[in-house]
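Data block below; observations after.
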Amino acid sequence: MQRPTIKTIAQETGLSIATVSKALKHSPQVRPETRAIVVAAAERVGYELNMHGVQLRTGKTYQVAAIMTAPGPKQQEWEGVEYAQLLSGISWALEESPYRVSLYAVRSFEESLAAIRQIVSLKKADGIIVSGTHADDPRVRIMQEADFPFVTYGTTIHNDPHAYVDADNEQMIRRSVARLVERGHRRIALVNPMSDLTYAITRLDAYRLALEIADLPFDPELVVHGRLTPAFGRESVLTMSRLPDPPTAYICANEASALGAFSGFHERGLVHGRDAVINATDDLNVSQYFAPPITTYFLPIHEPSELLGTYILRRMEGESPESLQVLIMPKLIERSDDRLMPRG
């Protein structure tokens, strides 16, 4: 039996060979309804696109490199959203395109920098998605100098404009602090990510500004930076709850650190809602199962991850990076009033 060809599909559909060929390559010159007819016919006759031949003709790899930090084999601490959840949304966005995601699992910033240098210099992909941005990110400079299409999950501060997707960390923290102040809190702790990450800087700046607006002093003892694990959240509470004037509210950067904060409450004999409260920002909504459930700013992980996939496709098609920038405001989910109960 002869292997089906583009000519087979043309005969099946009554379309020209040129139209069928363009449809299979996702050409914007072909209308979506025409492409749907071609795809359906290709499936009926058992046609498989010879990607190797397409790559040779076009010089493209049809790969999008996703540079993601993955836990090492000895790392047992949960850190919230993992690369698999991000990859799922990105892959979904690329599903109707000829592109596929190629994962580069790295353990450190240095590894991600080396991976990007290799991908760019050897043209091992047509586009890159990278997370964990720094304020002045050398990875961004490398890709920009090579005019290599990329999108970052996170913003930068000192780099030239580039495509990005991120949560609106500034508004989220300003509103979190304002809400807690309105509920009577004057000592509000910030459990923040590693200090070299852009979103840690953004969150800290927003926190300081929110305190200033509320006419409250900034106390550096109420701010901690670290890897957002349960162990870090627990240690943060154990340390800050021993201050002469301890916090009555903790804003945790993710659910993993918030879970650890509850462990710290338990060890110190603190009661949530009586002695202090915990708020968090999250992407998985696990905090609805905490006891008690806590107030969070919720951004379903599929939203930013699907946008990353959409934006890298548009960037590879030549769209300007300035038009591919978005800050998504997470939804406030109030699961408690967060005023402290009167003692007695």
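This one's a predicted model, so the numbers in the text were calculated from it and none came from an experiment.
Counted within 6.0 Å of CZ on Arg141, heavy atoms from surrounding residues, nucleotides or ligands total more than 12; the atom is thus considered enclosed. The number of heavy atoms from other shown groups lying within 6.0 Å of CZ (Arg31) does not exceed 12.
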### Pair His134-Leu197, side-chain contact (heavy atoms from CB on, under 4.5 Å): steps then yes or no
CA-CA 5 Å; His134 288 204; Leu197 295 170; 3.9 Å; yes

### Task
Just do the side-chain contact (heavy atoms from CB on, under 4.5 Å) check on Phe265 and His272 with the steps written out, would you?
CA-CA 8 Å; Phe265 271 42; His272 189 276; 4.2 Å; yes

### Task
Go through the steps for Met194 and Arg227 under the test side-chain contact (heavy atoms from CB on, under 4.5 Å), then give the verdict.
CA-CA 6 Å; Met194 300 292 285; Arg227 280 182 50 226; 4.1 Å; yes

### Task
Could you go through the salt bridge (charged side-chain N to carboxylate O under 4.0 Å, His left out) check for Arg35 and Glu96 one step at a time?
CA-CA 11 Å; Arg35 182 176 179 276; Glu96 293 299 314; 3.7 Å; yes

### Task
Would you sort out whether Tyr104 and Ile116 count as a side-chain contact (heavy atoms from CB on, under 4.5 Å), showing the intermediate values?
CA-CA 9 Å; Tyr104 286 73; Ile116 285 172; over 6 Å; no

### Task
Please assess Thr202 against Asn169 for the test side-chain hydrogen bond (donor to acceptor under 3.5 Å, both in side chains), listing each intermediate value before the final yes or no.
CA-CA 7 Å; Thr202 301; Asn169 285 283; over 6 Å; no

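Cluster membership check: Tyr250 shares its hydrophobic cluster with Ile173, using side-chain heavy-atom separations under 4.5 Å among Ile, Leu, Val, Met, Phe, Trp and Tyr. Taking hydrophobic clusters as Ile, Leu, Val, Met, Phe, Trp and Tyr residues chained together by side-chain heavy-atom distances below 4.5 Å, Met329 does not share a cluster with Tyr207. Tyr164 is not connected to Ile312 by any chain of hydrophobic side-chain contacts under 4.5 Å among Ile, Leu, Val, Met, Phe, Trp and Tyr, and they are in different clusters. Cluster annotation: Tyr297 and Val181 are assigned to distinct hydrophobic clusters (Ile/Leu/Val/Met/Phe/Trp/Tyr, side-chain heavy-atom contacts under 4.5 Å, transitive). Under a hydrophobic clustering in which Ile, Leu, Val, Met, Phe, Trp and Tyr are joined whenever their side-chain heavy atoms come within less than 4.5 Å, directly or via other members, Val271 and Leu340 fall into different clusters.
No side-chain donor from either of Ser176 and Asn279 sits under 3.5 Å from a side-chain acceptor of the other. With hydrogens and angles left out, the side-chain atoms of Arg186 and Thr248 include no donor and acceptor closer than 3.5 Å. For Ser91 and Ser88, the side-chain atoms include no donor-acceptor pair closer than 3.5 Å.
Glu322 CD to Asp160 CG: the interatomic distance, rounded to the nearest 0.5 Å, is 9.0 Å. One finds the CG atom of Asp137 at 11.5 Å from the NE2 atom of His158 (value rounded to the nearest 0.5 Å). Separating the NZ atom in Lys7 from the CD atom in Glu12 is a distance of 14.5 Å, to the nearest 0.5 Å. Between Thr155 atom OG1 and Glu170 atom CD the span is 10.0 Å, to the nearest 0.5 Å. The line from CD of Glu303 to CG of Leu308 is 12.0 Å long, rounded to the nearest 0.5 Å. Distance check, rounded to the nearest 0.5 Å: CZ of Arg203 to OG1 of Thr198 gives 13.0 Å.
Partners of Tyr311 by ring-ring contact (aromatic ring centres under 6.0 Å, His included), not counting sequence neighbours: none found.
Side-chain contact check for Ile278 versus Phe290: every heavy-atom pair is 4.5 Å or farther apart. Residues Gln288 and Phe298 are not in side-chain contact: their nearest non-hydrogen atoms beyond the backbone lie 4.5 Å or more apart. Using a 4.5 Å heavy-atom threshold, the side chains of Leu284 and Glu255 count as touching. With a 4.5 Å cut-off on side-chain heavy atoms, Asp136 and Thr156 do not count as touching. Between Leu243 and Leu222, the closest side-chain pair of non-hydrogen atoms falls below 4.5 Å. At a threshold of 4.5 Å between non-hydrogen side-chain atoms, the residues Leu313 and Met316 count as touching. Residues Val151 and Leu307 have side chains not in contact (no heavy-atom distance under 4.5 Å, counting atoms from C-beta outward). A heavy-atom distance below 4.5 Å is not found between the side chains of Ser287 and Phe262.
Residues Ala167 and Leu327 approach most closely at O-CD2, 3.8 Å, considering heavy atoms. Minimum interatomic distance between Gly89 and Ser305 (heavy atoms only, all atoms of both residues): CA-OG, 3.2 Å. Between Cys252 and Ala261 the shortest heavy-atom distance is SG-CB, 4.2 Å. The two residues Leu228 and Ala256 make their nearest non-hydrogen contact at O-CB, 3.4 Å. Closest approach of Ser112 to Arg139, counting heavy atoms only: OG-NH1, 3.0 Å. Gln63 and Lys124 get closest at one heavy-atom pair: CB-O, 4.2 Å.
Between the Ser21 side chain and the Ala18 main chain, no donor and acceptor come within less than 3.5 Å of each other. Formation of a donor-acceptor pair under 3.5 Å by the Arg242 side chain with backbone atoms of Leu238 is found in this model. A donor-acceptor pair under 3.5 Å is absent between the side-chain atoms of Thr239 and the main chain of Ser236, judged by distance alone. Although no hydrogens or angles enter the test, the distance criterion places no donor-acceptor pair under 3.5 Å between the side chain of Arg314 and the main chain of Gly318. Remark: side-chain polar atoms of Arg187 are not paired, donor with acceptor, to backbone N or O of Pro247 under 3.5 angstrom. The main-chain N or O of Ile294 is never found under 3.5 Å from a side-chain atom of Ser336 such that the two would form a donor-acceptor pair. When atom types are taken as modelled, the side chain of Gln144 and the backbone of Pro161 share a donor-acceptor pair closer than 3.5 angstrom. At distances below 3.5 Å, at least one donor-acceptor pair connects side-chain atoms of Gln325 with backbone N or O atoms of His162. Put simply, the side chain of Asn192 never gets that close to the backbone of His225: no donor and acceptor are under 3.5 Å apart.
None of Asp205, Ile213, Leu211 except one satisfies the side chain to side chain contact (heavy atoms under 4.5 Å, CB included) rule with Leu209; the exception is Ile213.
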